[in-house]
Structure formats: C-alpha cells, structure tokens
Amino acid sequence: MHDILRESPVYEWILAGGREEGEMKGEAKGIVKGIAQGVAQMRQAVVEVVQERFASLTDLAAELVATINDLDQLRRLVVKISTAQGTEQARQILLNARPQ
C-alpha cells in the first residue's frame, strides 16, 4: 500500500511542495544570518574607526552601535565618523545616531 501511495501523483505533488517550502525556509534563514553578520561587521567597523580617530569615544561608540540593527544606518555612521573634523563633532554624530 505504501508503494501505491508513493507512486501517486498526489504524493509527488505533496512531497515537492514540502521540499519547496523547506528550501524557502532555508533560504530565509540564510538571509537572516547574512544580515546579522553584516550588522555585526558594520558595528565593528564603526568602533574601529572611532578607536583609531577618536580613542576617547570608543566606549560611547561601542554602547551606541550595540543598539543599532539597521545596516544602512551603521554604514552612514561609518562615513560620518570618518569625515568628522574633531572629537566634539564625532561625539555629536554618535549621540545623534542613538535610536529614538
């Protein structure tokens, strides 16, 4: 009886649907993991730039980036910090980047 079921078009259709759903879930998990890794790397980049240019603000930067999950916001923060003219300007950039 199991052989008859496995050979039926309905069984194949259900099996294919299950495979497709599994693949989609796997892809979604992969995308989420990739974004999380990108966010972690961008957070590290912000802290490294601050540490290199404005060492006294390193702790503030580390605390701040831990609260930011938006990859684009972190990317913009790297650019702004990289172009800051001094420590006070960098501090203001960091404080203004805090999530509301």
Side-chain angles (χ1 to χ4, degrees):
M1 176 136 143
H2 286 95
D3 291 338
I4 294 171
L5 287 174
R6 287 185 178 172
E7 293 174 7
S8 75
V10 173
Y11 178 82
E12 289 298 321
W13 177 75
I14 291 170
L15 189 61
R19 282 189 194 125
E20 185 177 317
E21 185 177 328
E23 288 173 2
M24 289 173 48
K25 286 181 181 179
E27 287 176 15
K29 285 181 182 180
I31 290 169
V32 169
K33 184 177 180 181
I35 291 170
Q37 288 174 341
V39 167
Q41 290 173 346
M42 195 58 73
R43 285 176 175 161
Q44 185 63 35
V46 171
V47 173
E48 288 176 5
V49 170
V50 170
Q51 186 173 11
E52 186 67 30
R53 296 201 63 222
F54 312 105
S56 64
L57 300 177
T58 302
D59 290 342
L60 174 62
E63 289 175 24
L64 170 74
V65 298
T67 66
I68 300 174
N69 296 313
D70 185 303
L71 195 56
D72 286 334
Q73 183 181 2
L74 290 164
R75 182 189 51 77
R76 288 189 303 271
L77 189 55
V78 167
V79 171
K80 288 179 180 181
I81 289 294
S82 297
T83 60
Q85 299 298 312
T87 303
E88 192 51 41
Q89 185 180 14
R91 181 186 319 279
Q92 286 305 312
I93 290 168
L94 290 169
L95 293 174
N96 289 338
R98 286 187 171 169
Q100 302 302 325

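FYI, the numbering just counts along the sequence from 1. This structure is a prediction, so every number in the text was calculated from the model and none was measured.
A distance of 13.5 Å separates CE in M42 from CD in Q37, rounded to the nearest 0.5 Å. How far CD1 of I93 is from NZ of K80: 7.0 Å, rounded to the nearest 0.5 Å. Rounding to the nearest 0.5 angstrom, the gap separating the CG atom in L57 from the CG atom in L64 is 11.0 Å.
Pairing each heavy atom of V46 with each of V65, the nearest pair is CG1-CG1, 3.5 Å. Residues I81 and A90 share a closest heavy-atom pair of CD1-O, 3.7 Å.
Between the side chain of E88 and the backbone N or O of G86, no donor-acceptor pair lies under 3.5 Å. The closest donor-acceptor contact from the side chain of R98 to the backbone of T67 lies at 3.5 Å or more, if one exists at all. A donor-acceptor pair under 3.5 Å is formed between the side chain of Q73 and the backbone N or O of A97. Under the 3.5 Å distance criterion, the side-chain polar atoms of R53 are matched with a main-chain donor or acceptor of S82.
V39 has its side chain out of reach of D70: every pair of non-hydrogen atoms, C-beta onward, lies at least 4.5 Å apart. Between R43 and V47 there is no side-chain heavy-atom pair separated by less than 4.5 Å.
For the side chain to side chain contact (heavy atoms under 4.5 Å, CB included) test with T87, the passing option among Q89, Q85, R91 is R91; the others fail.
Side-chain heavy atoms closer than 4.5 Å link hydrophobic residues (I, L, V, M, F, W, Y) into clusters, and following such links, even through other members, never connects V32 to L71. Following chains of ILVMFWY side-chain contacts shorter than 4.5 Å, one cannot reach V79 starting from V50, and the two form parts of different hydrophobic clusters.
With no hydrogens or angles considered, a side-chain donor-acceptor pair links E48 and Q44 at under 3.5 Å.
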